[in-house]
There are 2 protein chains.
Amino acid sequence: MGSKGSLKTPKGTRDWVGGDLLLRNHIFQTISTVLERHGGVPLDTPVFELRSILSEKYGEDSKLIYDLADQGGEACSLRYDLTVPFARWLSMRTDVQHIKRYQIAKVYRRDQPAISRGRLREFYQCDFDIAGVYGPMIPDAEVLCIIAEVFEAFEIGVAVKLNHRKILDELFEIAGVPADKIRTTSSAVDKLDKAPWDEVRKEMLENGLSEEVADRVGGYVQRKGSMGEMLENLDLIPISPQAMGVIDLVSFDLSLARGLDYYTGLIYEVIVGDGASDRTQVGSIAAGGRYDDLVGMYGRRPLPCVGISFGMDRIFTILDARREKKSSSDLGGQVQVYIMAFGGKEFDGLLLERMRVARQLWAAGIRAEFAAKVKPKPLQQFNTSEGVPVAVILGQGEVEAGRVRVKRLHVGDKAAEQKDKGQLVAREGLVEEVVTNLLLDPVLLGFGFGRR
Amino acid sequence: MGSKGSLKTPKGTRDWVGGDLLLRNHIFQTISTVLERHGGVPLDTPVFELRSILSEKYGEDSKLIYDLADQGGEACSLRYDLTVPFARWLSMRTDVQHIKRYQIAKVYRRDQPAISRGRLREFYQCDFDIAGVYGPMIPDAEVLCIIAEVFEAFEIGVAVKLNHRKILDELFEIAGVPADKIRTTSSAVDKLDKAPWDEVRKEMLENGLSEEVADRVGGYVQRKGSMGEMLENLDLIPISPQAMGVIDLVSFDLSLARGLDYYTGLIYEVIVGDGASDRTQVGSIAAGGRYDDLVGMYGRRPLPCVGISFGMDRIFTILDARREKKSSSDLGGQVQVYIMAFGGKEFDGLLLERMRVARQLWAAGIRAEFAAKVKPKPLQQFNTSEGVPVAVILGQGEVEAGRVRVKRLHVGDKAAEQKDKGQLVAREGLVEEVVTNLLLDPVLLGFGFGRR
């Protein structure tokens, strides 16, 4: 055990610590806030599912699923995404007719080439989905709206590429083509590249379409241009993204085809930038779509769903690049107060007193530390307090008189630090004096990224 | 796929949703706040580790480890606790000499009898550990202090049962017995139950102890009573828990023996109540101890550690029992504003306007919803708005005049609701009027449990 070679995390996984993890939590918090504003309810599912739940959901990608070993009992696999567990949950909770749920959790894929591009086998996804029967395109538009709000919150400029698994089918339906005539209409339209519109129209009428419906179909399929232009001329779809004010982000991209099996309708990918660059080059930062048949596959009831999955890694990479260089205190916790003690020959280290001061500060919600030695050396205490904004300094004589010294450490300003002798205060006034000093540098009072 | 029998979560696992999950997150947040106050740095490790990392760490319990299937590549297992992954991380990060780290994450145990007692195979732990060389007992006392602070924060009364894997060895060391004489001193003390103290003392002196050390040993080993009494008479140990103000929580319990292999020193369990009840009956709510040899087992370097693991399930059960009965809005998200539209025969549903109002409220950080139908029925909108504190009401004529109505819904007070006609405001004044109405019921403004 413990040979040098095996002392590592498994392939495709990594540890997260300190500042990186705080940034990740900040991302989770920012997204959750947006999702809860939209009525999102958090869901957490087990990290593994019965293998049968995952089967026949991912097509080709199924080979990337991690299985648990057979140790007696049920056959289980690690979850591959958060969509299938959500559909499983919806199938069990038949009392739930409508829900907006979100889940932030790790997923697992035995993905070989992805690692070489900096992607991992264990990575976080954040999914938001709307399940239930709603007016057409209304929840889809809300998801697009959420995409806009999330990336606004991160101040990341994005474009949304849109496609539809059955874009023509949908257009036909909207144009009023009866369900049983969609195949024949599709077949007629397919001839448009070699036959004039009049001939195609004639075939449609022979197939039983009314003149009105045929002309509407012609109006759609002969149009070229941006999604915005297309949508403007449709009756229903444009209301939603226009009202949501996100129409400008969206563009149509026939090259987009999400790999997973379960999508049935609108599909979209979010890319960084203005959308002018090639989708396949940049890679997506979020993706999703409509999957109306997945819940029904479990045999209990059908329930249409639409959703979005935010890729945490890409968002992390972008925000990480914006951070100022990481400080050495990354692994020291962001201590607000360091408690020191100094004295002459008779000095016993004042451990008891340092602990009492720490308890006093902790009780007041202040992040305080002290050297965990009976008799710490001055230099050791100075070194450990580096980067900490405020010191509480204990001297033998002062402690006996019931007083301690509170002093700003003027991080990065040696001259100011040496000039500042601090303030001698009674123990009752300690917390107030510390808070006052922390407030002199409000940046240091907080801990989260939001206040940096 | 999808036969009725297999539509469930794997044995020993469950889904978490809505209010339950918000309570769980509240617990995580409360604990994190205390731990960060003590300089705790968050760590996140992969859900599975190389199998070799976990082997020979858990003794008998190793058979409960979940293995991943052999799909080619490394042999991996799901983590069994958070202590071993932390030790593995410390072994890799030899640049880290001192750290206080915490981790809140799921662990996995194929535990048969536990399920019958309401425990699960996938469950959360929250671990806090202090690694590094410090003055004796100082970090141990800080861990006890953290235990006190965490349960004070939850307003859960607890007692801490203490024992020591090598309690006598430690006492000998504190008494000043040289390391190479601990075995012989132990052997001499072992005779105390059949020989008088004078004889035992004589044997110690023959073994090379000084009279002073031998008498100190005698003082310790002949004493009976509570840990508090014992500690009061020791030189060093009592300073810490006394200064930390947690001595009253602690009592000594020789029956305590943590099952895991890696503990080397102090071990403790936290139980609910005043400690008068039997430890084995109640079960522990937190447990931990000192493990000075675990990091060294990976062959890179030794590093002493001490820590505590909080059992999330027990804490959840206690806090859950205190909650008021769950509302039906548990799965609806805690919506603050419901946007409705009503009209006569010509009424088109005002979907576009409802969406615009929603966008306006979302942009202001307000949790708003509306019926996702083109023409929602009045009754449907009333039903969906149940439990929501404030409504924004749109009428055709008012909308054309640029106005909307804001109205408190007086949850639980039908008479007040019918009397209150609300306030007609211009669109520019909408957000302000909504916030004013939310503030009339400040309980409803927040979302977290802290504000309930």
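When reading the values below, keep in mind they use all heavy atoms of this one structure, side chains included, and skip hydrogens, waters and symmetry mates. Order of the sequence lines sets the chain letters (A, B, ...), proteins ahead of strands, with each chain counted from 1.
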Just so I know, are the side chains of [X] and [Y] near enough to count as touching, which here means a heavy-atom distance under 4.5 Å?
X	Y	answer
T384(B)	H98(A)	no
Y66(A)	C76(B)	no
I138(B)	R354(A)	no
L7(B)	I53(A)	yes

ask   = What part of L78(B) gets closer than 4.5 Å to chain A, counting heavy atoms only: side chain, backbone, both or neither?
value =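 Side chain of L78(B) only, per the 4.5 Å heavy-atom cut-off to chain A.
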request  = Sort I146(B) into side chain, backbone, both or neither according to what part of it lies under 4.5 angstrom from a heavy atom of chain A.
outcome  =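 No part of it gets close to chain A.
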ask   = Yes or no on side chain to side chain contact (heavy atoms under 4.5 Å, CB included) for K100(A) and V335(B), after CA distance, side-chain angles and deciding distance?
value = CA-CA 12 Å; K100(A) 299 175 178 178; V335(B) 178; over 6 Å; no
Taking every non-hydrogen atom, the tightest pair across [X] and [Y]:
X	Y	value
R37(B)	W362(A)	NE-O, 2.9 Å
S6(A)	L50(B)	O-CD1, 3.2 Å
V41(A)	G18(B)	CG1-CA, 3.5 Å
E152(B)	R359(A)	OE2-NH2, 4.4 Å
A372(A)	Y134(B)	CB-CD2, 3.0 Å
Q71(B)	D67(A)	OE1-N, 3.1 Å

Contacting region of R110(A) [heavy-atom separation from chain B under 4.5 Å] =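 Contact with chain B: side chain only.
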task = Check each atom of I366(A) against the heavy atoms of chain B and say whether the ones under 4.5 Å are side chain, backbone, both or neither.
result =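 When you check distances to chain B, only backbone atoms of I366(A) fall under 4.5 Å.
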inquiry  = So which residue, V133(B), T13(B), L43(B), ends up with the most heavy-atom pairs under 4.5 Å with chain A?
reply    =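 Looking at each option in turn, the highest pair count goes to L43(B).
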task = Look at G135(B), A363(B), P10(B) and state which one has the largest set of heavy-atom pairs under 4.5 Å with chain A.
result =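 Most heavy-atom pairs under 4.5 Å with chain A: P10(B).
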query = If you round to the nearest 0.5 Å, how far is NZ of K8(A) from CE of M92(B)?
reply =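 If I round to the nearest 0.5 Å, the distance is 8.5 Å.
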query = Which distance, rounded to the nearest 0.5 Å, do you find between the CD of E142(B) and the CE of M355(A)?
reply =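 Those atoms lie 8.0 Å apart.
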inquiry  = Under 4.0 Å between a side-chain nitrogen and a carboxylate oxygen: does that hold for D44(B) and R24(A)?
reply    =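 The answer is yes: the pair qualifies as a salt bridge.
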ask   = In terms of heavy-atom pairs under 4.5 Å, which option from R51(A), R88(A), K106(A), E49(A) contacts chain B the most?
value =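 Going by pairs under 4.5 Å, I would pick R88(A).
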Among L21(B), V17(B), D20(B), the one residue meeting side-chain contact (heavy atoms from CB on, under 4.5 Å) with P42(A) =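 Exactly one option meets the side-chain contact (heavy atoms from CB on, under 4.5 Å) with P42(A), and it is L21(B).
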